[in-house]
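To start, the structure itself, in structure tokens.
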Amino acid sequence: MDILKSSDNIDLRKPSARVAKTQLLIAFILGLFAFLTFCILRNTWSKLYISRLTRRKGLPTIPTKSLFGWIPVIYNINEQDVLNHAGLDAFVFLGFFKMAIKLLSLCAFISIAIISPVRYHYTGRYDQGDGDNDGNNDGDGVEKKIGNEPDIPGGYKPYLWMYVGFTYVFTLLTFYMLIKQTKHVVQTRQQYLGNQNSITDRTIRLSGIPPELRDEESLKKHIEELNIGKVSSITICREWGQLNRLFKHRKQILLKLEDYWADTVQRPYHDAPSDDETENEEQAGDTTVESIIDEGSADSIRDYSTRNAAVTLGAQPYEHKRPKLKTGFLGLFGKEVDAIDHLTNQLDVLDEEILRARQRHFPATPTAFITMDTVASAQMAAQAVLDPHVHYLITRLAPAPHDIIWDNIVLSRKERIVKNYTITIIIGIISVSLIVPVGYLATLLNPKTIKKFWPGLGELLQNNEWAKNIVSGLLPTYIYTIMNFVIPFIYVWLSSKQGYISHGDEELSAVSKNFFYIFVNMFLVFTTAGTASNYWGFLSDTTKIAYQLAQSLNELSLFYVDLIILQGLGMFPFKLLLFGSILRFPFFKAGCKTPRDYRELYKPPIFNFALHLPQPLMILIITIIYSVFSTKILVSGLIYFIIGFYVYKYQLIYSVVHPPHSTGKVWPIVFRRIVVGLLLFQLTMAGTLAAFQDGYLLATVLTPLPLATISFLWNFQKNYLPLSFFIALRAIEREPESSQTLDETREQNQTYEYPFLVQPLDGPWISIEGDHAVVANADGTKRRRVNLLEWE
């Protein structure tokens, strides 16, 4: 009997093949549209799509008058260029994609040349499960699809030994690639950080400081008596909450004042400026804001900046009707006063209160930043146990000054614990709640399951072939993609409320949260909910986990082909467009009035690993799980990572910034998740092989693999993990190279002082001159110019 045909002689592969071709066509059209649109807009809005070119000197030049001339430039950018211009975190992120490309290339070659031809010879199928997820089979999963083939002497099929062999081969290949990339990351990280002498590399964060050491002199003396090095400076974190609240209030008043100044200094176009004013306008026209955006869309801000500059550069303010406001409830009642004078007076009063507050003594907290005289001293201190008492004098490497979230530093220990546990509980509730919609989404893949849950829809699909292909073949892929796009933003936002003291720690935590969501909800739950019997069987009988997982994954093979194709061919090119930035322009630009508004509007987008790393990690795991069964998924995964590598390389070099400073610490997260994927791959293969008659022997042969994988992880944790967090003393150069790394450039002239203790109390910005903002007095004359590069 031909196992690919049902009792009514219908070829089960036809609907699935039709859906796959449709998905491929849709993804190709979407991707081609986004790619060509980017190539056109890159020329039209050149300085929006290469915004880092104006901020980072030495970037490889990129053609602006050619549609495709940028592609060879991106191709030729090497790892050293990435390190020099995007930093260590970008190097590690792109290195993951490079490793995935190498691994999947080898696996795909083996699958095309050996596995698929042998399988086709024995079964007549190029891939395992071809055409089996359309819902027309009898639903008995692996046993029906594979186990009922004609018996061959020996109890089981000879090609199944090939599955066992290549499970070993692909596991060992993954081991090799992982350890090779780990050594490369560690070596590069040690060399990169060892050549630095930045304030971050010389600073540790000390927590659990006892009350008797919570002053600078006592703490400095105590640390130096430990003979781990000389202390250069100490910043004891204090309960600066009152000062923090004053500055938040000040910011609100300042922004309102800038809005009123923006309305006031907009002089009519028919007012002819003097010769001096014209010269000033020409000088002010070359603004940093203008250099960030394209010439066509720079007209409004050019006019805005030059008009404002004319008011402030020594010229007398033009006479305008001054804006008014009412001082009563919500500005609707009370006495009407001059808005600028009123807010300026409020600002002056608040500034006096801030100056007085800076002189007060704030109670010390158990946390301090200690800057040592050398990098070696800081690294030794960070790895040392300083005190025999538990929870006393705990040392960690300090985050970079610009990476610290000072709002969280000023929190008390109790406030931080409450925030942490509250957000953790909220995330747990959300994760559990999402199981239900994900389960319902998975039922769309199987018309038989649809009929159980939604009889009316099931009847409709049974009578309409095209509706069935759309609902069961295409719709789940797009809903799945939308959920994977939206939900991670929620987890990123929740992580920002959890009280982490640095953006780097917050980002790494969000990476773990989002991967957990995708792995558990969007993979395990989704996979096991593909059919109702599998789902509830999986939950009720954990002894059948391997079998149930193998059965569900076999049925979902073409769904994952569709998903990877859509994500790779269809969605990745849209990332080049900076679609989020383009969409916000019509809404936010309409509300832009002040120089600060425009400065914020045209800043390069921030690249967050938590939004971009978990899904590729999951795609790699899915591809590894299917590596022996499906050549289509291997090839789709390879294409996905090739496209993703060049898209992200372009973005990280030219169009986005990554402010968090985690010095490549994301690699252990990547390593451990891939190892989890390997264990799942081995479990799935064992469950699949056990489904065959007398197949338990085959599954038993795979037993050493999970043990080897756990040993492999243990080896990483013991020997490589420390080098992923600390700088080895032998790697530290006593005389660092004269050229500065990207991190050293960003940290130049920075300190660990609490910013609100030293930050200038500047007035409102009323124009931009080059890399400086002009700050106004109450009468509109220039008070001072603020260096925007230092301010940012």
Side-chain angles (χ1 to χ4, degrees), residues 35 38-39 42 46 49-64 66 68-106 176-196 568 572-573 575-576 604 607 609 612-613 616 620 638-658 661-667 670-671 723-724 727 731 733 736-746:
F35 175 75
F38 167 75
C39 291
R42 192 187 63 84
S46 58
Y49 285 111
I50 52 174
S51 56
R52 294 194 72 237
L53 204 60
T54 61
R55 294 168 175 253
R56 177 71 185 170
K57 295 180 180 179
L59 279 175
T61 57
I62 192 165
T64 57
S66 167
F68 307 115
W70 60 276
I71 297 177
V73 176
I74 297 301
Y75 179 82
N76 291 322
I77 289 176
N78 56 36
E79 288 184 338
Q80 192 59 48
D81 293 327
V82 173
L83 276 172
N84 292 341
H85 301 297
L88 192 57
D89 290 324
F91 163 81
V92 171
F93 180 82
L94 292 176
F96 160 65
F97 275 77
K98 242 178 137 177
M99 182 205 73
I101 291 171
K102 293 176 183 177
L103 173 63
L104 297 184
S105 295
L106 287 172
Y176 172 76
M177 289 296 178
L178 273 176
I179 209 68
K180 181 180 179 182
Q181 184 63 20
T182 299
K183 289 179 178 178
H184 184 48
V185 167
V186 165
Q187 181 182 3
T188 303
R189 184 179 186 275
Q190 295 294 318
Q191 183 179 0
Y192 182 87
L193 297 178
N195 283 324
Q196 291 186 162
F572 261 136
K575 293 183 184 292
L576 287 171
F607 190 88
F609 285 165
H612 297 278
L613 180 58
L620 179 60
L638 177 60
I639 294 171
Y640 172 91
F641 280 98
I642 291 173
I643 296 174
F645 175 70
Y646 288 105
V647 166
Y648 283 132
K649 187 196 278 192
Y650 179 91
Q651 286 193 314
L652 289 165
I653 295 293
Y654 289 105
S655 63
V656 300
V657 292
H658 181 252
H661 181 84
S662 58
T663 63
K665 292 175 186 173
V666 75
W667 179 249
V670 172
F671 188 101
L723 293 172
S724 300
I727 309 173
E733 295 290 338
E737 297 178 1
S738 56
S739 60
Q740 289 186 323
T741 65
L742 177 66
D743 294 333
E744 286 179 301
T745 303
R746 289 196 297 189

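Predicted model, so just to flag it, every value in this text is computed and none were measured.
The shortest non-hydrogen separation linking S724 to K665 is O-CG, 3.7 Å. Across all non-hydrogen atoms, the minimal contact from I727 to A731 is CG2-CB, 4.4 Å. Across every non-hydrogen atom of P616 and F641, the tightest pair is O-CZ, 3.3 Å. Closest non-hydrogen pair, L59 versus R52, comes out as CD1-O, 3.5 Å. Taking every heavy atom of both residues into account, Y49 and L576 meet most closely at CE2-O, 3.5 Å. Closest approach of A100 and L620 over heavy atoms only: CB-CD1, 4.1 Å.
In terms of modelled atom types and a separation under 3.5 Å, the side chain of H658 and the main chain of A90 share no donor-acceptor contact. Side-chain atoms of D81 do not come within 3.5 Å of backbone N or O of I77 as any donor-acceptor pair.
Residues F96 and V92 fail the side-chain proximity criterion, which asks for heavy atoms closer than 4.5 Å. No side-chain heavy atom of V647 sits under 4.5 Å from any side-chain heavy atom of P573. The shortest side-chain heavy-atom distance between D89 and S662 falls under the 4.5 Å cut-off. Looking at W667 and L88, their side chains never come closer than 4.5 Å, going by heavy atoms from C-beta outward. Taking the side chain as every heavy atom from C-beta outward, E79 and K98 approach each other to under 4.5 Å. Annotation: side chain of Y648 is in contact with side chain of L94 (closest heavy-atom distance under 4.5 Å). A 4.5 Å side-chain heavy-atom check between H612 and K575 finds at least one atom pair inside the cut-off. Using a 4.5 Å cut-off on side-chain heavy atoms (C-beta onward), L742 and H85 make no contact.
A distance below 6.0 Å separates the ring centres of F38 and Y650. Remark: aromatic rings of Y646 and F572 are distant, center separation not under 6.0 Å. Ring pair F91/H184: centre-to-centre distance below 6.0 Å.
Here the straight-line distance linking atom OH of Y654 with atom CZ of R42 works out to 9.5 Å at 0.5 Å rounding. Taken to the nearest 0.5 Å, the OG atom of S105 stands 6.0 Å off from the CD1 atom of I642.
For the 3.5 Å distance criterion, the side chains of Q191 and N195 fail to qualify, holding no donor opposite an acceptor. If you check the side chains of T663 and R189, you find a donor sitting under 3.5 Å from an acceptor.
Partner of F93 under the side chain to side chain contact (heavy atoms under 4.5 Å, CB included) criterion, chosen from V666, V670, L652: L652.
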